[in-house]
K.L.:
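Structure in structure tokens, see below.
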Amino acid sequence: MDLNQSIRLLSSWIGQIGDLGLNLLWRFIHIVVSLWYIVSGIFEAIESYAISLGLNKKYSSIDLEKLRCLAVVVDIEAVQDVAKVVELLQWLTTIGVKQVGLFDSQGLLKKSKDLILETVPGSMLLEEIGKDFSPDGKRIALEFISSSDNKEAVMKAANILLQRYLKSSHPENDKGENFFTESHLNEALGVVGENVHVPDLLLVYGPIRSHLGFPAWRLRYTEIVHMGTLKYMRYGSLLKAIHKFTGVHQNYGT
Amino acid sequence: MGEKEKRASNRKMPKHVAVILDGNRRWAEKRGLGTSEGHEAGARRLLENAKDCFAMGTNTISLFAFSTENWERPEDEVKCLMALFEKQFRAEMPFFQRDKIKILVIGNRAKIPESLRGLIEEVEEATKSYEGKNLIIAIDYSGRFDILQACKSLATKVKDGLIQVEDINEEAMEKELLTKCSEFPNPDLLIRTSGEQRISNFFLWQSAYTELYFPTVLWPDFGEAEYLEALTWYQQRQRRFGRRV
């Protein structure tokens with residue numbers, strides 16, 4: 001073996017050892033970050049328990065004036081457990097939330113709509129009340145939403161606008177400026193049954209930290225909070241999330 | 001970040017990272033500085049982080065630099081931001097060409113100053129042949145505007161006989177969105193700094209299954225360590241795209 005070959009072999013070994021070392025370092029970073037999240041999770045669980053017991057006076061009364069509409073996204077795995085969804089809605093009613101949009105991508109909650117409405121005291125369908133809903137007492141208006149209310153609804157609404165555009169008499173160089181505006185699309189979404197109730201706060205229940213296809217058109221300024229899995233949901237965490245929202249100040253980009 | 005660190009971290013890297021650069025003004029206020037200095041610090045951080053992202057194997061980075069709503073900010077601040085964009089495009093052009101980064105600016109260009117508009121066209125033209133690294137900069141962008149312009153684009157194609165009404169579906173829509181320019185139009189990871197937990201009209205259609213990460217650090221302080229933490233967090237996620245496991 002000549003000198004060049006030896007040097008190449010040595011470089012290769014050094015490279016492999018270096019790669020191994022850095023791989024181990026990356027895994028170590030993962031372990032540290034995971035431990036950090038585990039410890040944070042333990043503290044959050046303790047805090048949530050304390051809030052549930054009423055030990056923290058800050059959460060004893062929450063001003064819900066800013067929270068006109070709350071939405072809940074439930075992961076597809078968790079949505080089978082309707083009892084947990086009912087429990088969550090009962091908590092929300094206790095807290096005083098008046099309007100809730102329930103979303104799961106496959107529409108399984110829509111199929112359980114009757115059961116949920118029967119089981120949650122004071123609940124009623126939002127679409128049967130109309131836009132000027134202002135309930136008294138412990139009543140809650142529910143809207144059931146799925147993926148068909150997202151992109152599919154936008155496509156149907158876009159088709160309505162398209163038909164209007166094609167049927168109208170417009171100059172050759174008109175690119176649809178007067179037909180495709182936000183208010184036109186809002187109106188067309190209403191026609192296809194997408195109510196466009198814009199949630200102020202979106203709570204995501206599940207292992208994922210995305211909104212899972214909640215109607216995109218509604219999400220412009222919505223606060224999005226990940227709540228963990230539905231199976232291990234905590235009343236204290238729910239109170240904390242809503243309380244935190246009431247303190248948020250949005251400048252809407254200005 | 002060295003070559004070897006890149007290789008070590010190569011498992012499960014997001015192909016498309018979107019960033020909402022929030023916190024420049026608060027960062028400046030905390031230090032007793034002017035708003036423009038906050039935005040300049042943000043601009044420097046922007047390119048440093050873009051370099052790190054590409055070094056770690058990300059194909060596309062999208063930056064929400066200026067929203068439609070930002071036009072409502074004080075006139076001086078808006079002028080400062082437009083001037084800053086011009087300055088940064090000119091200053092970083094050698095970097096884009098050296099590292100073969102394709103630059104794409106998305107948004108409604110009608111209100112952008114003419115000098116900046118011209119410069120954007122130059123930069124896009126000069127980098128259009130590059131592949132493998134895309135830097136998408138959203139200026140005067142809104143998610144609702146993106147959806148509406150896609151609808152208009154489809155309507156124009158139907159009017160011109162290029163497609164039939166029956167051809168209009170989600171796939172057709174996605175091909176008309178402003179992110180069609182990228183091989184990976186839907187972000188895997190969306191980072192919004194400064195602790196605000198909303199997407200503020202950014203990539204509304206594209207973000208259905210995007211992992212949302214909301215660190216509390218302000219954008220000018222979001223450095224390599226913070227980005228590594230975001231990546232570590234992302235790599236621990238189990239992405240299902242709405243399907244059962």
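Letters A, B, ... are given to chains in the order of the sequence lines, protein chains preceding strands, and every chain is numbered from 1.
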K.L.:
Keeping A:S48 on the side-chain end and A:E44 on the backbone end, is there a donor-acceptor pair under 3.5 Å?
P.N.:
no
K.L.:
Below 30° counts as parallel, above 60° as perpendicular, anything between as tilted: where do the rings of A:W26 and A:H30 land?
P.N.:
perpendicular
K.L.:
Name the region of B:S207, side chain, backbone, both or neither, that has any atom closer than 4.5 Å to a heavy atom of chain A.
P.N.:
both
K.L.:
Tell me, side chain or backbone of B:F202 under 4.5 Å from chain A's heavy atoms, or both, or neither?
P.N.:
neither
K.L.:
Can you say whether B:I199 sits under 4.5 Å from chain A via the side chain, the backbone, both, or neither, judging by heavy atoms?
P.N.:
both
K.L.:
Checking A:V248 against chain B: side chain, backbone, both or neither under 4.5 Å from a heavy atom?
P.N.:
side chain
K.L.:
Quick test of your reading of the model: are B:E77 and B:R25 salt-bridged, counting only N-O distances below 4.0 Å?
P.N.:
yes
K.L.:
Which bit of B:F66 is near chain A, if near means a heavy-atom gap under 4.5 Å: side chain, backbone, both or neither?
P.N.:
neither
K.L.:
Show the numbers, then the answer: is there a ring-ring contact (aromatic ring centres under 6.0 Å, His included) between A:F144 and A:F103?
P.N.:
CA-CA 6 Å; A:F144 294 85; A:F103 172 87; over 10 Å; no
K.L.:
Does any heavy atom of chain B fall under 4.5 Å from the side chain of A:F214, the backbone, both, or neither of them?
P.N.:
neither
K.L.:
Could you tell me which portion of A:N159 (side chain, backbone, both or neither) has an atom closer than 4.5 angstrom to a non-hydrogen atom of chain B?
P.N.:
side chain
K.L.:
CG/B:N49 to OH/B:Y227 distance, rounded to the nearest 0.5 angstrom?
P.N.:
8.5 Å
K.L.:
Test B:R192 against B:S200 for side chain to side chain donor-acceptor pair (under 3.5 Å), laying out the working first.
P.N.:
CA-CA 10 Å; B:R192 182 187 181 140; B:S200 292; 2.6 Å; yes
K.L.:
Tell me, yes or no, whether the heavy-atom count around A:R68 atom CZ, taken from other residues, nucleotides or ligands under 6.0 Å, exceeds 12.
P.N.:
no
K.L.:
Under a 4.0 Å threshold between the charged nitrogen and the carboxylate oxygen, would A:E223 count as salt-bridged to A:K244?
P.N.:
no
K.L.:
Considering only heavy atoms, which portion of B:E166 lies under 4.5 Å from any heavy atom of chain A: side chain, backbone, both, or neither?
P.N.:
neither
K.L.:
Pick from A:S147, A:S34, A:A157, A:P215: which one has the most heavy-atom pairs with chain B under 4.5 Å?
P.N.:
A:S34
K.L.:
Checking A:V154 against chain B: side chain, backbone, both or neither under 4.5 Å from a heavy atom?
P.N.:
side chain
K.L.:
Does any backbone or side-chain atom of A:L219 lie under 4.5 Å from a heavy atom of chain B? Answer side chain, backbone, both or neither.
P.N.:
both
K.L.:
Give the intermediate values and the outcome of side chain to side chain donor-acceptor pair (under 3.5 Å) for residues B:D140 and B:W71.
P.N.:
CA-CA 8 Å; B:D140 196 3; B:W71 288 112; 3.0 Å; yes
K.L.:
What part of B:N169 gets closer than 4.5 Å to chain A, counting heavy atoms only: side chain, backbone, both or neither?
P.N.:
backbone
K.L.:
Mind ranking B:L154, B:I147, B:L190 by heavy-atom pairs under 4.5 Å with chain A and telling me who comes out on top?
P.N.:
B:I147
